[in-house]
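Step one of this worksheet: look at the structure below.
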Amino acid sequence: MMFYVGIDLGTSAVKLLLMDEKGQIAKIVSKEYPLSFPKPGWSEQNPSDWYEKSMEGLKELISEVDKSQIAGIGFGGQMHGLVVLDENDEVLRPAILWNDGRTEKQVKYFNEEIGRDKISQYTGNIAFAGFTAPKILWMKENEPELFAKIAKIMLPKDYLAYRLSGSFCTDYSDASGMLLLDVEHKCWSKEMLSLCDIREEQLPKLYESYDKVGTLKPELAEELGLSADVVIAAGAGDNAAAAVGTGTVGSGKCTISLGTSGTLFITADEFAVDANNALHAFAHADGRYHLMGCMLSAASCNKWWMDDILKEKDYAGSQEGIDRLGENHVYFLPYLMGERSPWNDVDARGAFIGMSMDTSREDMVQAVLEGVAFGVRDMYEAAKSAGVCMERAKICGGGAKSPLWRRMIANILNLKIDIPACEEGPGMGGAMLAMVAQGAYPSVEKAAEAIVQTAGTIEPEAELVAKYEERYRSFRKLYPALKDIYPAL
């Protein structure tokens, strides 16, 4: 029996998972690291923290197994982060993360001066504040001395792959979110490189997510007590890796993720772009493509509400008294970090609307959960406008552990919601990609068929669907009504 490690490099912690080729999880280890907000709207981390905590976690993860049985390591990682190294492989500055909003000026340059049509033609997407290319441009304009020293540009999980294997690599799914990749043709866009004033040799070599990019460096293999033949797989962006972990591979499947951010992930055989660019058109970890909507704050809205406002840790208990679904008069706009899909507005902010003297704590908790679900519905509407037709979706992420939230999602979107038997998202997907890279399975689909199982399904309830349809129509009017107020805030 061989074992595989999946490393889920998240925003608040790295989560490492040890799994055999049949999908049985032997152990999970999590190590937290700090997140820094140097200025309002900025979000940064030190790449050295990722590596140190990953190594610490790896040692703990494999401490009780026969180390000769460990065959491969794969990744799922937070996307879009800008990691820059100099010619001596020293990190030049803290990584600028996916939820950093400093690049409004650069986004306007791409989308308005160069033009959305051209940017979409070059990459299949338009510019968003979190994407990597605007951050590169920001560095050029604000940190020219550091910009001049850049030898390597990489994404967060690729920094780990580089430290572990020495391979300067990335995969198509993660690279899709840089706004530097011609996604349809799976190559770096010469036009985008020129606009960012960078050279192709500064960018990593491109691989499929399930490709072997190298093996563990001999000195690290010795330190960890592992074979130097341990395969390192390219891995995938966190959402593509989570989709692999939930079996959302092949054509026409969907996963909803309620993590720090919220995503709607829809698989496709062919490359396609939605007319308004409200969704991202990215490569998938199975070698095909996907459409993805991303809202910047999902389960993090509930975490903020519970931890910071109510100062309450009993998440389940706070949801127990909520039983009048579809009848809440309080609305919550979940734009605590600005919003990406479908509005693409860095100025958008959260809001409660509709409170009265009889509004209860339960109403407010319910509004937060519903606001996030309505945000997912916004993304689904964008997908439907692109011709996507679905009957069901899988659900994953920390928020998906709430039965109430799952029920809201099923009825607000009017979709059957399948609950994976094992919900370990990006880490599980990373381990499965390592299995394919090492040869345990011939393809990502075959690995998913063998490993992923469903624990149950939530069916939409006709009466509740109708109630929520009415509430969603009201919710849909709120952002446009507030849009012009946000910049002044």
(request) Determine whether Val444 and Leu433 make a side-chain contact, defined as any pair of heavy atoms from C-beta on separated by less than 4.5 Å. (result) yes
(request) Classify the side-chain pair Tyr468/Arg377 by whether it contains a donor and acceptor separated by less than 3.5 Å. (result) no
(message) With a sphere of 6.0 Å drawn around CD of Glu201, does it hold more than 12 non-hydrogen atoms of other residues, nucleotides or ligands?
(response) yes
(message) Do Ile7 and Val14 have side chains that approach each other closer than 4.5 Å (heavy atoms only, starting at C-beta)?
(response) yes
(message) Checking side-chain polar atoms at under 3.5 Å, does Gln78 have a donor or acceptor matched by the opposite partner on Gln45?
(response) yes
(message) Tell me whether the count of non-hydrogen atoms from other residues, nucleotides or ligands lying under 6.0 Å of CG in Asp269 goes above 12.
(response) yes
(request) Mind listing the closest non-hydrogen atom pair of Ala241 and Ala236 along with its distance? (result) N-CB, 3.9 Å
(request) Would you sort out whether Cys301 and Leu336 count as a side chain to side chain contact (heavy atoms under 4.5 Å, CB included), showing the intermediate values? (result) CA-CA 7 Å; Cys301 290; Leu336 297 179; 4.0 Å; yes
(request) Assess whether side chain to side chain contact (heavy atoms under 4.5 Å, CB included) is satisfied between Ile198 and Ile153, documenting all intermediate values. (result) CA-CA 9 Å; Ile198 56 173; Ile153 295 167; 3.9 Å; yes
(request) Side-chain contact test, heavy atoms from C-beta onward, threshold under 4.5 Å: evaluate it for Val244 versus Val452 and give yes or no. (result) no
(request) Write down the atom of Arg116, the atom of Asn344, and the distance for their closest heavy-atom approach. (result) NH2-ND2, 4.1 Å
(request) Might you point out which heavy atoms bring Ala242 and Cys396 nearest each other, and give the distance in Å? (result) CB-SG, 4.4 Å
(request) Find the distance between SG (Cys254) and CD (Glu391) and round it off to the nearest 0.5 Å. (result) 12.5 Å
(message) For Asn328 and Glu370: C-alpha separation, side-chain torsions, deciding distance, then whether side chain to side chain contact (heavy atoms under 4.5 Å, CB included) applies.
(response) CA-CA 9 Å; Asn328 195 6; Glu370 287 174 340; 3.5 Å; yes
(request) Mind running side chain to side chain contact (heavy atoms under 4.5 Å, CB included) on Ile451 and Tyr441 for me, showing each step along the way? (result) CA-CA 11 Å; Ile451 290 168; Tyr441 289 97; 4.1 Å; yes
(message) Between Lys140 and Asp197 (salt bridge meaning N to carboxylate O under 4.0 Å), is one present in this structure?
(response) yes
(message) A side-chain contact here means heavy atoms from C-beta on lying under 4.5 Å apart; do Arg340 and Phe131 qualify?
(response) yes
(request) Would you tell me whether Glu270 and Tyr289 have side-chain atoms, one donor and one acceptor, within less than 3.5 Å of each other? (result) no
(message) Does the plane of the ring in Trp42 sit parallel, tilted or perpendicular to the ring in Trp138? Use 30° and 60° as the thresholds.
(response) perpendicular
(request) May I ask you to say whether Glu381 pairs ionically with Lys384, meaning some side-chain N is under 4.0 Å from a carboxylate O? (result) yes
(message) Would you say that more than 12 heavy atoms from the other residues, nucleotides or ligands in this model lie under 6.0 Å from the NZ of Lys118, or not?
(response) no
(message) Under a 3.5 Å cutoff, is there a donor and acceptor pairing between the side chains of Asp89 and Tyr162?
(response) yes
(message) Could you measure the distance from the CG atom of Asp49 to the CD atom of Glu56? Nearest 0.5 Å is fine.
(response) 10.5 Å
(request) Taking only Lys NZ, Arg NE, NH1 and NH2, and the carboxylate oxygens of Asp or Glu, determine whether Asp174 and Lys157 approach each other closer than 4.0 Å. (result) yes
(message) Is the shortest side-chain heavy-atom distance between Leu220 and Leu164 below 4.5 Å?
(response) yes
(message) Salt bridge or not between Lys39 and Glu44? Use side-chain N to carboxylate O under 4.0 Å.
(response) no
(request) State, yes or no, whether a side-chain contact exists between Met364 and Phe332 at a heavy-atom distance under 4.5 Å. (result) no
(message) More than 12 heavy atoms of other residues, nucleotides or ligands under 6.0 Å from CD of Glu141: yes or no?
(response) yes
(message) Less than 4.0 angstrom from a charged side-chain N to a carboxylate O is my criterion; do Glu145 and Lys149 meet it?
(response) no
(message) With rounding to the nearest 0.5 angstrom, report the CG to CE distance, Leu137 to Met192.
(response) 8.5 Å
(message) Consider side chain to side chain contact (heavy atoms under 4.5 Å, CB included). Of Asn99, Thr260, Leu258, which one does Ser300 pass it with?
(response) Thr260
(request) Please work out whether the ring planes of Phe475 and Tyr472 are parallel, tilted or perpendicular, with thresholds of 30° and 60°. (result) parallel
(message) When you compare the side chain of Tyr486 with that of Tyr479, does any pair of heavy atoms fall below 4.5 Å?
(response) yes
(request) Mark yes when over 12 heavy atoms from residues, nucleotides or ligands other than Lys303 sit less than 6.0 Å from its NZ; otherwise mark no. (result) no
(request) With Arg349 as the cation and Tyr335 as the aromatic partner, state whether NZ or CZ is under 6.0 Å from the six-membered ring centre and within 45° of the axis. (result) no
Side-chain donor-acceptor pairs under 3.5 Å in residues 203-210, sequence neighbours left out?
unit_1, atom_1, unit_2, atom_2, d
Glu208, OE2, Lys186, NZ, 3.0
Ser209, OG, Asp171, OD2, 2.8
Ser209, OG, Gly235, O, 3.2

(request) Would you name the heavy atoms of Ala367 and Phe352 that are closest together and state the gap between them? (result) CB-CE2, 4.3 Å
(message) Do the side chains of Glu143 and Arg93 get close enough for a salt bridge, i.e. N-O under 4.0 angstrom?
(response) yes
(request) For residues 476-489, pull every pair meeting salt bridge (Lys or Arg N to Asp or Glu O under 4.0 Å), keeping only residues two or more places apart or in separate chains. (result) Asp378-Arg476
(request) Could you give me the CA-CA distance, side-chain angles and deciding distance for Phe271 and His185, then say whether ring-ring contact (aromatic ring centres under 6.0 Å, His included) is met? (result) CA-CA 9 Å; Phe271 177 78; His185 301 105; 8.0 Å; no
(request) Would you please say whether a donor-acceptor pair under 3.5 Å links the side chains of Trp98 and Thr11? (result) yes
(message) Within the 4.5 Å heavy-atom criterion, are Leu160 and Asp158 side-chain neighbours or not?
(response) no
(request) Kindly state whether the ring of His284 and the ring of Phe265 have centres lying under 6.0 angstrom apart. (result) yes
(message) Once side chain to side chain donor-acceptor pair (under 3.5 Å) is applied, what residue pairs with a partner in residues 232-246 remain, sequence neighbours excluded?
(response) Asn239-Thr263, Thr246-Thr248, Thr246-Thr255
